[in-house]
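Data block below; observations after.
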Amino acid sequence: MELKAKTPAGGGLSAGQIVQKYGIVFALLLACLTLTLINENFLTTRNVLNVLRQTSINGVLAIGMTFVILTRGIDLSVGSVVALTGVFSASFATTSSAGFIPGAPWPALVAIAIGLLVGMGCGGVSGVIVARFRVPAFVATLGMLSAARGLTLLYSSGRPIPALSDSFRWIGTGSVLGIPVPIFVLLGTFAAAHFVLTQTRFGRHIYAVGGNPHAAKVSGLPVNRIRFMVYVISGALAGLAGMILAARTGSALPQAGIAYELDAIAAVVIGGTSLAGGVGRVSGTLIGALLIGVMNNGLDLMGVESYYQQVIKGFLIVAAVMLDQSKNKQD
Amino acid sequence: MELKAKTPAGGGLSAGQIVQKYGIVFALLLACLTLTLINENFLTTRNVLNVLRQTSINGVLAIGMTFVILTRGIDLSVGSVVALTGVFSASFATTSSAGFIPGAPWPALVAIAIGLLVGMGCGGVSGVIVARFRVPAFVATLGMLSAARGLTLLYSSGRPIPALSDSFRWIGTGSVLGIPVPIFVLLGTFAAAHFVLTQTRFGRHIYAVGGNPHAAKVSGLPVNRIRFMVYVISGALAGLAGMILAARTGSALPQAGIAYELDAIAAVVIGGTSLAGGVGRVSGTLIGALLIGVMNNGLDLMGVESYYQQVIKGFLIVAAVMLDQSKNKQD
Amino acid sequence: QDKPKIGAAVYGLNAEFMQIWAQAAENHPAVKEGLVELTVFDGRYDALVQQEQFETMITQGYKAIVFVPIDIEAGAAAVDAAAAAGIPVFGSNTRVNSDKLTAYVGSDDVQSGYMEAKHVLDKIGCKGNVVIIEGPIGQSAQIQRLEGNQKALAECPDVKVIEQQTANWSRAEAQTLMENWLTAHPGEIAGIIGQNDEMALGAIEAVKAAGLKPTDFAIAGIDGVTDALHAVKAGDMASILQDGHAQAQGALDLAIAAVLPDYKPMSEIWSQYPDMPWADGKAKEYNVPWTPVTADNVDALLATRQ
Amino acid sequence: MAALLEVSDLVKSFSGVPALRDGRFRLEPGSVHALCGGNGAGKSTFLKIVMGIQPRDSGVIRRRGDEVSFSSPAEALANGIAIVEQELSPVPAMSVAENIYMGREPVGRFGRIDFATLNRQTQDLLDGFGFSIRATDLMMDLTVAQTQLVEIAKALSYDAEVIILDEPTSALGEAEAGHLFAAIATMKARGKGVIYVSHRLSEIFSIADSYTVFRDGSFVQTGAMAEISKDQLIQLIVGRPLTEEFIKENTPGTEAVLSVSGLSAARGVRDISFTAHRGEILGLYGLMGSGRTEIFDRLFGLCAETGGQIAVGGRQVLLRSPAEAIAAGIAYVTEDRKGSGLVLSGSVRDNLCLATLAALSRAGVMRAAQEGDAAARMIDELKIKTASDALGVGHLSGGNQQKVVLGKWFLTAPRILLLDEPTRGVDVGAKREIYRVMSDFARAGGTVLMVSSETDEMLGMADRVIVLKDGRMAGELGRDALSAEGLLHLAA
Ligand SMILES: Nc1ncnc2c1ncn2[C@@H]1O[C@H](COP(=O)(O)OP(=O)(O)OP(=O)(O)O)[C@@H](O)[C@H]1O
Ligand SMILES: Nc1ncnc2c1ncn2[C@@H]1O[C@H](COP(=O)(O)OP(=O)(O)OP(=O)(O)O)[C@@H](O)[C@H]1O
Ligand SMILES: [Mg+2]
Ligand SMILES: [Mg+2]
């Protein structure tokens, strides 16, 4: 038996096939093209940076979510973890007397390290509950969603933690070579995630566990540890996002991040990662997040009324995925 | 193919096994017992009716969600559909001049029929997108979540639709033989759903589609039609819940129902239905919804501070499912 | 032992304003002295949850309820149920569209909307373009503040509202919205009317992020949350203080008076606001005045937020 | 009289890769027609198209002379065609009865399913075929073999005129296969047509009347069974003559490599003791459900430790997880390739490297070149037929998938190889290569433990056979004492 070459490299794809194969990239380009034609302000350096900066938080969350979803899990708690790490790290970075951490503002790096640790802690708890106690991820992280929000409110007494030190705010508002820091954070996170998922042993493990946990176990992989780790990663990235958010808005709000999980999951799924695990790419996630960001930006730029925005956004999300539908054949 | 051990049938169960087998019932009983001991008002007729009435809306939503989840789907749009059917049906039932439907208030039955149709319409659209266009349920219903909320706000101009006719409000506030109508609606919905899922071909086919879509297709089942139907059912029940909600609160609020999908899915999953489809019972869902209801009621009865409530609730949800963990072995 | 129980049902405790309100209620002298037992219920931004909490309070034999509904139209059924059980309900902060409400302590949102818009318009000299960042459309506070905004705008026919959109009281949403507007209308926006402080603060951050100076804009918000006080102090914006402390303690005084015979109001707010007389606790409405936050009073206000 | 089914010029390709170029077939009433071909020849694709499970690109299908085109299996069923698919596909959480009569449940009053009738009807059906399975059992509680029997019973229960059996015996022992053949004979006598696919040529010669051979998606030849010899058929399938079926060049040594004593395992497996030597192929024989798989699972750390001692190379070891077993030099090719062997969403290379990722990486970073080399080595050594190592493993034919699992374990350089039904679903050509691999492995000093339900395979490959019965050792036969009767006698 001889097998023929796969899809003929290069040429020979019909237009329809191209749309299907690169569906989501195509949808993104289409959206950008349309907006460029409709609105002269869309394709300006400034607006492009805006879109990227606005995407940074959802993008970072969605990248963490990709790790979790690749193992067949889900992390509903990211929005709450955003708020919790925000107030925690901010309380070490506040310059106002409202800061109740002695010695605040601490050096920004300390505050950031604390934020990351808090995020990883939340992720770790979810991870243990999922991996060790076999509680479905949906329930475990729903519990964390509720608990982390409660802790946020308790820690902050329900009030914003204001007046953050300039060095801390730099991660949200600073820029290097004219490019805002959050964009570097997003791209750095993406590059690291892409490297881990495609080039490392741990990345291979993640795909195997998501693709067939039983086969992964039989092949000697530490399935539980891998399951645990993806939640830690998601928590750490939620922590990062929480700090960017606090740094951007200038104070850490305990009510921040509500419903962020939905946008993050949407970016992952739009980007072609299957909720059934084992299949997907973090580059797809980035494109998914960008698509959502461009959509929000474009509708605002065109001055579409907010109610219509919601209706239109609903249809656009579905339409984008339909373009990409060939990847999602179900049976 | 993965084989699973079954619990030994009948007698000879150790205490531990009993807890595992009936984990969630046990958790519910434990919660009720604790609350009865702590608070003398918990086990009063009035409070029990309260809990049941408070559970009615989430219960009805969760029953519809059970159908969807059994087919491996998910319906994130129920909260928005609650709001949409609320304002739609209410606009036919309002006695105030704000009502812009000529002839309003129409007979309650007309308003209710319209509400159900709107709910089924939303579910139908999601169903077509999932079943026919193969868009992952998460994305399709996320789109509907956004679109239905936008439509709600557009239709109502973002304002509550107040002053509903007494006959319409009866479904939320009336009572028969001293028992509130919403409780009858919940129990009626439960009985019907239980009958359909356990006794009818359609019900068993739902399990088949969720358990193994390929096998269902090869056995000649109309897989797409079944997938479509479960969303219609979920939409109809979301409509029912929306009308109970509007009738209870006395006016239909366009911002009603936000995040209700999470509680509904939680009830389903706590009740032992697998998000992987094909396994679960609507009686479990009812118990899951009751557990959530008792938890909310009990924490309020004891006057636990709201921030602590959220933390505690997070832990309790996870703990309840851990008790029931044997059902959720993953690999 | 058997202290009368009073419940406070507020629409949600996640944001600072209601937090100030709740703390004021808990710090009421009568509560501190143990004359009554107060429980604050968090309505989690859901009318139904609030109604259920009413049911719980009725079961638990509460003697009076202070009520902050999520919307003017959203609480009537709950008030009816309490009234049917003979429990008096006192509105605070947000009205309820029900004649069963025993009394109401709040501030007139139309007035604050007028005051903040007026401030913006004065600063831009009654000409140029402004944007309005609104609360969730249809909520009573949004409707009334907008009414006030428009009243002020009507006095300046040369001013054009070039964008008007909701940011749902959220700082992060307002920030994104403003970033996009600054792109869509470069150099055209002179005034920013935020219907609350959070959104105004978001707009300030967007302005800064675009490399512009907030002081070059006329920006105003409402509520007087702590961050806004800091921003006022920095000269970045104007804010109108809504005295949640007074709304809470005033309503609580009324509720306690309904429960304890011969009770005399214990909160200091009645002396603080001579314009709002106690009237033996018999009036139907108590109007807590708005206080514009200025360079003069900002430090004193900040001192109360420790 | 028109043929029950006549297919010509059937063409099908998957994303540009042809799977079928020229599918031709003709089924007469009252006959059993064997569809033969190597792995990936296009048999299953052909049958799925006939059944309406997959759409075709072009071609004509005639049913009793009328051209038909089914867009769903429901239409094919309505037209009197039923199938047992190669890949078992039960609904795990439902009962046997519900699986068999899915879509045809008897309905009583109020649209209620009449479960009593359903169960009785199912039990009668199963008993009629001689399958000892309870109608009310859940599918997930059945063994693979029982699941296969249920699927057979289901296909036969349609009383269809055309019955397609795509490798129906791949998981069955000989006793159960016997029941199936009896049922097939009845169908044939009643004028039905059976399309039969199997890689066990002995079965084909015992039940089929005619054959059709596909190779690489193209029709090769058709004819009557009576007019062809086994060797000729093999030559048609493989495309070249195959001299001998089994390759066995190892000689067992005396050095004990794996010693097991007093071992217990799940599901009533008790008191198992044996020693396997260097260079030996040790067979574990038994009827369906005799506990062979459980012993392997226990040796590989897949079930809880339940007593007994295991020594590898003379050293006592505790095997509590697959990782420990792998570290001890054990490799395990499970019987359920899809369930526990392969990550179907991964590529050939991913799967080959899965158990050796540590060795192929440095400081946690994969070394792409090494990975590629390792994969290429196995593809080459085991002659895995794949367009590239980046191809999704799910797109390979069954035999090649099996070789990927073998390759994954060879890369770990094991001392002991546990093979559970290693040639299930593998074509004659590939089987021979797997035997060669086994033989080479043993000859190079490795130790093989093999479970097989095919007696021929046991006789052909094993140096020594331990026979199991109900979870206990029933006897042991050396190579010189091996015979089919002897094995069956001890096992039954
Ligand atoms: N869904 C699919 N996508 C891509 N390629 C496929 C698909 N299904 C089958 N193929 C390819 O089509 C060819 C024929 O496969 P088929 O399953 O029909 O072979 P077969 O004759 O049944 O083999 P076996 O004896 O191993 O079952 C193979 O090369 C296979 O890789
Ligand atoms: N998931 C299961 N639930 C209940 N019993 C099981 C399960 N799997 C296997 N058994 C029982 O365990 C015993 C041995 O199992 P199994 O059939 O796997 O043995 P085996 O010798 O490997 O057989 P084969 O490999 O031929 O399937 C049998 O009695 C079988 O019925
Ligand atoms: Mg095949
Ligand atoms: Mg076995």
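Everything quoted here is computed from the prediction, not taken from an experiment. Here is how names work: the chains are called A, B, and so on, in the same order as the sequence lines, proteins then strands, and each is numbered from 1.
Within the 4.5 angstrom heavy-atom criterion, no atom of A/Ile312 approaches chain B. Neither the backbone nor the side chain of A/Ser80 comes within contact range of chain B; no heavy atom of the residue lies under 4.5 Å from a heavy atom of that chain. For A/Leu316, no part lies near chain B; criterion is any non-hydrogen pair under 4.5 Å. For chain A, the nearby parts of B/Leu262 are the backbone and the side chain; heavy atoms of each come within less than 4.5 Å.
Heavy atoms from other residues, nucleotides or ligands lying under 6.0 Å from CZ of B/Arg159 number 12 at most.
Here the CG atom belonging to B/Leu151 is positioned 9.5 Å from the CD atom belonging to A/Gln310, to the nearest 0.5 angstrom. Between atom OG of residue B/Ser156 and atom OH of residue A/Tyr307 there is a gap of 6.5 Å, rounded to the nearest 0.5 Å.
Residues in residues 287-296 of chain A take part in these side-chain hydrogen bond (donor to acceptor under 3.5 Å, both in side chains) pairs, two or more places apart or across chains: A/Asn296-A/Lys313. Sorted by first and then second residue, the side-chain hydrogen bond (donor to acceptor under 3.5 Å, both in side chains) pairs involving residues 143-152 of chain B (not counting sequence neighbours) form an empty list.
Within the 4.5 Å cutoff, the side chain of A/Leu275 has no heavy atoms near those of the B/Pro136 side chain.
Of residues 252-260 of chain A, no residue lies under 4.5 Å from chain B by any heavy-atom pair.
In this structure B/Thr141 satisfies the side-chain hydrogen bond (donor to acceptor under 3.5 Å, both in side chains) test with no other residue, sequence neighbours excluded.
Heavy-atom minimum distance, B/Ala266 versus A/Leu142: CB-CD2, 3.3 Å.
Considering only heavy-atom pairs separated by less than 4.5 Å from chain A, the leading option among B/Ile317, B/Ile129, B/Val139, B/Leu76 is B/Val139.
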